[in-house]
Protein chains: 2
Amino acid sequence: MYTARDARQIARQDARPYSHILDKLRGAGLRPTRQRMALAKLLFEGGDRHLTAEMLHADAQAANVRVSLATVYNTLHQFHRAGLLREIVVDSQRSYFDTNMSDHHHFYFDRTGDLTDIPGDQVAISVLPPAPEGMAVSRIDVVVRVRPQDD
Amino acid sequence: MYTARDARQIARQDARPYSHILDKLRGAGLRPTRQRMALAKLLFEGGDRHLTAEMLHADAQAANVRVSLATVYNTLHQFHRAGLLREIVVDSQRSYFDTNMSDHHHFYFDRTGDLTDIPGDQVAISVLPPAPEGMAVSRIDVVVRVRPQDD
DNA sequence: GTCAAGTTTAGAATAATTTTAATTTAAATG
DNA sequence: CATTTAAATTAAAATTATTCTAAACTTGAC
C-alpha cells in the first residue's frame, strides 16, 4: 500500500536530502558526524520505533554503515539527553529507546517482550496524587501489560 | 517511637514465632528451608519495601544470615512466581522487587533512583484502549517520574 | 535411618553496558 | 587552504547485574 501522502513525503526528502536530519543534530548542539548522521537517518526516517542499542547496531550493519557498538550506545544516550529520543523502561536488563516523542503510552507483551504505542489521547488519568514536597512531575508512564487471553 | 500497636504486633509474633511466614511458604508450595525462611522474614516483616537482590543480600549479611547471592536471586524469582512479590521495572539495569502486593503505583525519583508507593485509590485511569486482539490486560503500571522543582 | 528430589553454593559464564586510551575527524583559526 | 584543537570514534578491556553449572547439602517421605 502506497498513498499520495507517502509520495509527498518521499518527494520532500528527495528534494532536500537529509537537511531535516542535519537540522535536528545542529539544533541539539551535536556535530553532524558521519556516524551520527547515519544513525539519525536510521532512527528517524522509519516512523515510530522502539529499539535497543544492539538492534540499531544490526540495522546499521544491514545498511552498510560501519559504526561501532560503543558509538551506538554513545549516540543513543546523546540523542536521549538532547531530547530526540525517549527511553522506555519495561525490561530490566535491556534499554529501549523510542523515536516517538509525542505524548503516548505503551502496551507491553509480557510473553514476547514486544512493545507497541498507545496514542496519548487513548489514556486519561483522572485522579493523581500531588507530587512529593519540592518535586515536580516530569513524566507519567503508563505501561499496560498484556498476555494471551488463555493463560 | 513505640506504640501500643507495635507492642501487640511484637507480642503476636512472639506468640507464634514465624508461623505466618511458614504458612506463606507452604501456601506457595515452597519448602521452608533455613535460607528461604530467613529471607522471607527480612522481606515481609519490615513493612512495604522495594529492593534489589544486592540490597536483600546485604540485609541478610547484616542480620547474620549466611546466604549466597545466587540463592537470593533464586528466592526472589521463586517468590515472584509464587505471587508473594511484585517486580517493578523503573531502572533498566537493576531489578526491584516490591513486597507490597496490593493495587498501587509508584513515584520514581529520577535523580536518586528512589521509589515510593502511591496507594491504588490515589490513581484513577478513566480512559484506556481495548487490549490488542486475543490479549488480556494482566496489569497496568503507572510510574510518576518526579524531580526537584528547580531543574 | 535411607533415599530421591529439591536446595544451596562457589565459582565460572554470559549479556548489556561503560570505560580507556589511542586514533581520527570536524570545525575554528590563521 | 593548512594548522590546530577539541570532540568523536574505536577496539579492546573492564564492569555490573544476573544466570548457569555441577558438586555438596537438606528436606520430607517411607
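For the numbers below, each heavy atom of this structure counts, side chains included, while hydrogens, waters and symmetry mates do not. Naming convention: chains lettered A, B, ... in sequence-line order (proteins, then strands); numbering from 1 in each chain. Just so it is clear, the model here is predicted, and its values are computed rather than measured.
The distance from atom CE of A:M135 to atom CZ of B:R111, rounded to the nearest 0.5 Å, is 8.5 Å. Distance check, rounded to the nearest 0.5 Å: CG of B:L30 to CZ of B:F79 gives 6.5 Å. Here NE2 of B:H57 is found 5.0 Å from CG of B:L69. Values are rounded to the nearest 0.5 Å. Note that the OG1 atom of A:T99 and the CG atom of A:L42 stand 11.5 Å from one another [nearest 0.5 Å]. Interatomic distance, B:D48 CG to B:L43 CG, rounded to the nearest 0.5 Å: 12.0 Å.
Rounded to a whole Å, the CG atom of A:L30 is 7 Å from the P atom of D:dA8. Atoms CZ (B:R81) and P (C:dG6) sit 14 Å apart, rounded to a whole Å. Put simply, CG on B:L22 is 12 Å from P on D:dT27, counting in whole angstrom units. A:H57 places its NE2 atom 13 Å from the P atom of D:dT9, with the value rounded to the nearest Å. Here D:dT9 presents its C1' atom at 17 Å from CE of A:M37, a figure rounded to the nearest Å. Atom CG in A:L25 sits roughly 15 Å away from atom C1' in D:dT9 (whole-Å rounding). Here the C1' atom of nucleotide D:dC25 and the CZ atom of B:R34 are 10 Å apart, to the nearest Å. Spacing between atom NE2 of A:H80 and atom P of C:dT17 amounts to 14 Å, rounded to whole angstrom units.
When each of A:V67 and B:P32 is assigned the nucleotide of DNA chain D with its nearest heavy atom, A:V67 is the one assigned upstream, toward the 5' end.
Computed from C1' positions of five pairs at each end, the angle between the two local axes of the helix from C:dG1-D:dC30 to C:dG30-D:dC1 equals 30°, rounded to 10 degrees.
Side-chain polar atoms of B:H50 and B:D114 form no donor-acceptor pair below 3.5 angstrom.
Contact annotation: A:R31 side-chain N/O to C:dT25 OP1/OP2 distance is not under 4.0 Å. When the side-chain nitrogen and oxygen atoms of A:Q35 are compared with OP1 and OP2 of C:dT25, none of them lie within a distance under 4.0 Å.
The side-chain hydrogen bond (donor to acceptor under 3.5 Å, both in side chains) test with A:H106 singles out one residue from A:N100, A:D98, A:T116, and that residue is A:D98.
Below 30°, between 30° and 60°, or above 60°: for B:Y73 and B:H77 the angle between ring planes is between 30° and 60°, a tilted geometry.
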Under 3.5 Å donor-acceptor pairs involving side-chain atoms of residues 142-150 of chain A, not counting sequence neighbours:
| from | atom 1 | to | atom 2 | distance (Å) |
| --- | --- | --- | --- | --- |
| A:R145 | NE | B:D141 | OD2 | 3.0 |
| A:R145 | NH1 | A:D110 | OD1 | 3.4 |

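Comparing C:dT8, D:dA8, D:dG28 by their closest approach to the side chain of A:T33 singles out D:dA8. Across D:dG28, D:dT27, D:dT10, the shortest atom-to-atom separation from the side chain of A:T71 is found for D:dT10.
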What one-letter contact string describes nucleotides 13-24 of chain D from 5' to 3', where B marks a base within less than 4.0 Å of any protein heavy atom, S marks contact via sugar-phosphate atoms alone, and - marks no contact? ----SBBB----
